[in-house]
There are 2 protein chains.
Amino acid sequence: MDLRRLRYFVAVAEARSIGKAAERLRMAQPPLSVQIRKLEAEIGAPLFLRGTRGMDLTEAGQALLARASEALALAADGAEAARAVASGRRGRLSVGYMFVLANAMLPRLIPELRRAIPGVDLGFAELSASTREARLLDRSVTVALCMPAINHPEIQVARIGAQPFMLVMPKSSPLARLSSVPMARLQGRPLIALPHPDHGPASSAVVALLRRHQVVMPIASRVETVHSAMSLVLAGEGFAILPACAQLGAPRGIVFRPLREATDSIDIAVCWRRDSQSPLIKTFLKCAEKAVARL
Amino acid sequence: MDLRRLRYFVAVAEARSIGKAAERLRMAQPPLSVQIRKLEAEIGAPLFLRGTRGMDLTEAGQALLARASEALALAADGAEAARAVASGRRGRLSVGYMFVLANAMLPRLIPELRRAIPGVDLGFAELSASTREARLLDRSVTVALCMPAINHPEIQVARIGAQPFMLVMPKSSPLARLSSVPMARLQGRPLIALPHPDHGPASSAVVALLRRHQVVMPIASRVETVHSAMSLVLAGEGFAILPACAQLGAPRGIVFRPLREATDSIDIAVCWRRDSQSPLIKTFLKCAEKAVARL
DNA sequence: GCCAACCCATACGTTTTCGGTATGCCAATG
DNA sequence: CATTGGCATACCGAAAACGTATGGGTTGGC
């Protein structure tokens with residue numbers, strides 16, 4: 001069963017004549033006649049009634065016609081779908097992001113993506129750093145928004161922006177009156193720490209920052225998420241040092257202040273599998289850069 | 001876009017290897033490799049990722065696979081459907097019948113047909129004689145049950161039975177006491193006549209019957225349908241002469257009696273277009289003969 | 001660290017199939 | 001009775017597909 005035969009068959013059925021169909025197919029009449037007879041031999045039954053004024057479908061021919069047109073359309077659609085996926089016009093883009101970036105980036109990023117790749121089925125998942133890495137490696141997410149970037153030989157990284165660290169405290173704190181806080185003023189104050197690079201964006205970078213300025217902050221609590229860090233800050237348990245973009249998700253009663261001498265910042269990066277063939281990645285990168293530019 | 005290529009593509013996608021797929025397809029590995037590359041060239045994008053352990057679908061390949069398998073199934077199904085229709089295992093059989101045969105035949109005929117050709121979509125339409133002929137000619141019914149047969153050069157006829165004429169009268173009529181009625185006793189009695197061969201089974205045959213026995217019955221009413229003839233009989237307007245099978249549709253209060261000397265009968269026939277190619281006709285004929293045999 | 005095994009790609013000759021041209025057959029038409 | 005329109009058949013050249021032989025790259029074992 002050859003798709004060409006079916007195409008010929010449909011053409012003849014529509015034209016109700018071999019000659020007319022041959023003209024539309026840009027071929028001579030005899031080979032088309034042969035192909036139709038071969039199809040009939042393959043089916044084992046006549047598909048047309050040869051009248052003196054052309055060809056009419058038999059009932060068997062009508063039964064075949066319905067399926068044949070559908071099969072043709074499906075094959076054409078399949079080819080087009082494959083081309084669309086390959087070119088990035090369609091497909092699926094699954095994005096892993098982190099909590100602290102959600103409020104700052106997604107409201108700008110999502111409309112940007114929908115405009116750039118309207119046919120693409122978008123998926124978003126808030127994932128911890130270690131989960132983002134695992135899901136990138138097993139290909140269940142296509143790209144990840146990370147802060148800082150994932151460091152892994154299989155994973156490629158593009159830096160799209162950076163966030164300065166800020167001191168996070170309750171509104172009632174005396175330091176909240178300052179428009180920016182000198183590093184020295186942190187000395188001895190309790191720190192709400194995110195304990196492990198896998199569970200927060202700031203931890204090791206914050207340790208490095210404090211050490212460089214020779215400031216010691218006793219660790220008051222270790223928490224798993226930025227969200228609970230802010231809750232503890234609000235409860236007066238201590239201070240946190242977080243990327244500036246975390247402000248957007250902060251509850252009322254919490255203030256962010258720049259650290260005066262700290263020029264440190266933490267990179268925002270897009271990460272993806274080095275061997276990923278998805279053409280959507282570069283589009284995503286452009287959209288993410290735009291979304292970050294207006295942060 | 002060739003169906004063979006799609007078949008090869010699906011085989012390779014399922015086997016995740018060109019070599020394995022070639023084995024399943026009973027062909028050598030190199031030509032299959034060539035066909036896959038030709039398909040990729042036709043699509044304009046790679047469909048597989050060539051790894052060292054075989055082939056993996058790209059996303060474009062996955063998009064194609066879904067449609068390709070469906071298209072293959074549809075083409076195969078189309079061929080099978082055409083064969084089924086040609087052989088009479090499936091298809092549509094539309095039957096035109098007449099009112100007087102409905103009660104006598106359909107209860108036996110329909111179950112017979114459903115058993116013989118379970119995959120066939122049956123249609124029944126009660127049609128007047130002229131309509132039956134027209135619908136046969138324009139092919140909107142496949143076969144017709146007629147009494148008597150249609151006479152037309154394009155229409156073929158098979159006699160499947162016959163019905164004797166009977167006298168139809170109210171229960172209260174004096175003639176109802178006889179178990180059979182001599183023709184002579186009809187002399188001068190009012191006749192409810194079906195006026196035209198197109199609108200009833202009996203009219204011209206009844207006229208011939210009466211003339212042969214030299215009986216004159218004045219025409220009391222002319223009616224269009226057997227049903228209304230029986231209504232008038234019940235109302236005492238006169239007598240009717242109808243085929244025996246009309247008994248089954250008769251209201252209470254009406255009796256049928258044989259006509260003693262009348263050996264006349266009217267044929268029950270199956271009629272169909274001479275050029276109809278439907279293999280269902282001979283099956284229908286067998287079923288109709290069975291249904292008539294037990295009348 | 002080299003060799004064997006595995007798997008896909010390429011090359012080339014053979015065979016099948018397809019399409020074009022020429023022509024025949026049949027029926028309807030005037 | 002000849003002409004026209006439409007499909008079928010015959011034959012030939014061209015294209016495509018298949019098989020065999022072979023190359024190249026990677027993995028895994030000795």
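The shown structure was predicted, so the numbers you read here are calculated from the model rather than taken from an experiment. Letters A, B, ... are given to chains in the order of the sequence lines, protein chains preceding strands, and every chain is numbered from 1.
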* **Closest non-hydrogen atom pair, B/R132 against B/V141** => O-CG2, 4.4 Å
* Asked: Looking for any heavy atom pair under 4.0 Å, which part of the strands does A/G51 touch: base, sugar-phosphate only, or nothing?
  -> nothing
* According to a strict under-4.0 Å criterion, is A/R50 in side-chain N/O contact with OP1 or OP2 of C/dA27? -> no
* Would one find more than 12 heavy atoms of other residues, nucleotides or ligands at under 6.0 Å from atom CZ of A/R7? -> yes
* Would you mind reading off the distance between A/R37 atom CZ and D/dG6 atom P, rounded to a whole angstrom? => 18 Å
* Asked: With respect to the phosphate group of C/dA9, does any side-chain polar atom (N or O) of B/S33 fall under 4.0 Å of OP1 or OP2?
  -> yes
* Mind calculating the distance between CG (A/L25) and C1' (C/dG20) to the nearest angstrom? => 15 Å
* Go through residues 1-20 of chain A and report each residue with a non-hydrogen atom lying under 4.0 Å from DNA chain C, sorted by number. => A/R4, A/R5, A/Y8
* Do the side chain of A/T131 and the main chain of A/L127 share a donor and acceptor less than 3.5 angstrom apart? -> no
* Asked: Are A/R50 and A/E40 within salt-bridge range, i.e. N to O under 4.0 Å?
  -> yes
* Asked: Thinking salt bridges, do A/R5 and A/E42 make one under a 4.0 Å N-O criterion?
  -> yes
* Asked: According to a strict under-4.0 Å criterion, is A/R26 in side-chain N/O contact with OP1 or OP2 of C/dG19?
  -> no
* From the list C/dA22, C/dG19, D/dA16, which nucleotide is the closest neighbour of the side chain of A/P30? -> C/dA22
* Asked: How close or far is atom P of C/dG20 from atom CE of A/M27, stated in whole angstroms?
  -> 5 Å
* Asked: C/dT21, C/dC18, D/dT20: which one has an atom nearest the side-chain heavy atoms of A/Q35?
  -> C/dC18
* **Heavy-atom neighbours of A/E23 CD exceed 12 at 6.0 Å** => no
* Taking NZ from B/K38 and C1' from C/dA9, how many angstroms apart are they, rounded to a whole number? -> 14 Å
* Structure fact -> Taken to the nearest whole Å, CG/A/L49 to P/D/dA8 is 12 Å
* When you measure from the side chain of B/A28, which nucleotide among D/dG19, C/dA9, D/dC7 comes out closest? -> D/dG19
* Between D/dG6 (P) and A/F48 (CZ): distance, integer Å -> 16 Å
* Asked: Given atom CD of B/Q29 and atom P of D/dG23, what is their separation to the nearest angstrom?
  -> 15 Å
* Structure fact -> Nearest heavy-atom approach of A/E126 to A/F99 is OE2-CB, 3.3 Å
* Structure fact -> Per atom distances to the B/R53 side chain, the nearest of C/dC6, D/dC7, C/dC8 is C/dC6
* Structure fact -> When rounded to whole Å, the CE to P distance for the pair B/M55 and D/dT26 reads 16 Å
